[in-house]
Number of protein chains: 2
Amino acid sequence: MIDRKSPVPMYYQIEQYIEQLIESRNLKSGDQIPSEREFTDQFHVSRMTVRQAVMNLVHSGVLVRIKGKGTFVSNQNKIEKSLLGLNGFSEDMISRGMKPGSFMMSFARIRAAAKVADRLALDEHDDVFEIKRTRFADDEPMAIETSYIPAKMVPDLTEDQVSPSLYQYIERQCGLPFDHAVQSIEASVVTAEEAKILAIPKGSPILLIERCSYLKNGRPIELTKSLFRADRYKFMVKLPRG
Amino acid sequence: MIDRKSPVPMYYQIEQYIEQLIESRNLKSGDQIPSEREFTDQFHVSRMTVRQAVMNLVHSGVLVRIKGKGTFVSNQNKIEKSLLGLNGFSEDMISRGMKPGSFMMSFARIRAAAKVADRLALDEHDDVFEIKRTRFADDEPMAIETSYIPAKMVPDLTEDQVSPSLYQYIERQCGLPFDHAVQSIEASVVTAEEAKILAIPKGSPILLIERCSYLKNGRPIELTKSLFRADRYKFMVKLPRG
DNA sequence: AACGTATAGATGTCTAGACATGTACTTCTA
DNA sequence: TAGAAGTACATGTCTAGACATCTATACGTT
């Protein structure tokens, strides 16, 4: 179970062992894991080494410790998790218990406008894919979304690949791992045209969300501007301690 | 510097000492902090105790360690940090390069309304402090803020303590460490009364932000509802990888 | 000048204990 | 029967070391 001769530190092997127990559903949310003493006996390592493994998992939110009681698998549910992380529209709607839908209004390869080129750190003459979609939740229009993606990063992008999940295509097919996104949220009121698409009265308040996603290497990979109906959509986010 | 008789653990005292060095700009971004050995000599504690303090700050992103070289203050710049973390109005405005101001409209100890009691996990008959403030940025009204704090958690709260920094009072004076906050952001339009306070036209769009802060022990400690002028304020957030 | 070795000093991993504190339960006592 | 005391066991804090590994530098040797 634990290889003392391995160059992989023992505390890390124990970490992986615990995570694997959770992954394989041998331990479920809220379950108590073996005590430090039990791990000490099981793996023949000192208590401090067990603690190092367990504390790492506590810091990353996988486990929760309660003094005098024990250590438990975090029941940080999916909705909490989705508040913390980077998700596309579909994942967002699913975590809210709604059925996501999408209608592509246009898909084109165009020269990047100055503002877009600036945000995506491109030269003026570089191309981007521009994807305009109306987004639905439970078959009602929820948002208007316009995405820009540098053509040189994802040269073979087609309309078909966008539909299932743009994020998964970029991450898995292209092997470009996401790192984080910076999002800005403003309030505004709809124009007549937007009101028509979203099926809401003229002058209704809307949430204007702009998101720029970055890869692990620091390069921006996607800029998305979204207009959400304010009567149906509330943006939620969980902020860790400052 | 370090009080061995204090019930506050030594590793935590060391944590606060290091954070204070950074706060007071004695240590700047990228600076190397004293080595574990030096702290051991300075505070007469064992190396493992120093490590516990330092590793906590590494896990929370304040410090970065490089094997064989040393431990350094994270150069995650302020604006990045403020996007990721939990900040009060004043910190938020300062990180935007504006001068924060505040006018207290009311400060009272009242019975919690049902909605507030629910969010703060209180009984119906529990008291809360209600703090209503108009917030200014560069001497112009920017937001209307109403905060609720359970009276039993902070029984001795007075108007004077709120003014400099409510967060610091709770965290340092009361010894109640924050863990995270959950924030929801909606768009709406102002009422006549609100428009007057914020000095904007009737029917202007506003950002309605509700924040509930939680302590390390999981208990909610603060509920704040804010109305921000949409023409001046944009909410920004950094989302780590999903 | 280029390369390899030695060394100092930093963090990384690990041990085998100690006592403190909180929780749950049992047992004793008034 | 209610409350106090005890006890088992959990995590929390802390020690004084050990050896490993990595970085940077100094110093020889070729």
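In what follows, chains carry the letters A, B, and so on, assigned in the order in which the sequence lines appear, proteins first and then strands, with residues in each chain numbered from 1.
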[X] side-chain proximity, nearest of [options]:
X     : options                : answer
A:V45 : C:dT15, C:dT23, C:dT11 : C:dT15
A:Y11 : D:dA10, D:dT15, C:dT13 : C:dT13
A:R47 : D:dA10, C:dT15, D:dT13 : D:dT13
A:M48 : D:dA16, C:dA16, C:dT11 : C:dA16
B:R51 : D:dA16, D:dG12, C:dG12 : C:dG12
B:T49 : D:dT15, C:dA10, D:dT11 : D:dT15
A:R4  : C:dC14, D:dA24, C:dT15 : C:dT15

Calculate the interatomic distance between [X] atom [atom1] and [N] atom [atom2]; express it in whole Å.
X     : N      : atom1 : atom2 : answer
A:F43 : C:dT15 : CZ    : P     : 13 Å
B:Q52 : C:dG12 : CD    : P     : 15 Å
A:K5  : C:dC14 : NZ    : C1'   : 18 Å
A:F39 : D:dC9  : CZ    : P     : 18 Å
B:I2  : D:dT15 : CD1   : P     : 11 Å
A:F72 : D:dC9  : CZ    : P     : 16 Å
B:D31 : C:dA10 : CG    : P     : 16 Å
A:R65 : D:dA10 : CZ    : P     : 12 Å

Handout entry: Point-to-point distance, once rounded to the nearest 0.5 Å, from OG of A:S46 to OH of A:Y11
Key =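 Nearest 0.5 Å value for the OG-OH distance: 13.5 Å.
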Problem - Atom pair NZ (A:K238) and SG (B:C212), whose distance is rounded to the nearest 0.5 Å - result: 12.0 Å
Problem - Side-chain donor-acceptor contact under 3.5 Å, B:T158 with B:D160 - result: no
Problem - Side chains of A:T224 and A:E222, donor plus acceptor under 3.5 Å - result: yes
Problem - B:M55 side chain near B:R65 side chain, heavy-atom distance below 4.5 Å - result: yes
Handout entry: Residue whose nearest DNA chain C nucleotide is more 5′ - A:K67 or B:I33
Key = B:I33
Exercise for the section: Kindly say if B:T71 contacts the phosphate of C:dT11, meaning a side-chain N or O under 4.0 Å from OP1 or OP2. Expected result: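 Affirmative; the distance criterion is met.
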Problem - C:dG22 phosphate, OP1 or OP2, under 4.0 Å from A:K69 side-chain N/O - result: no
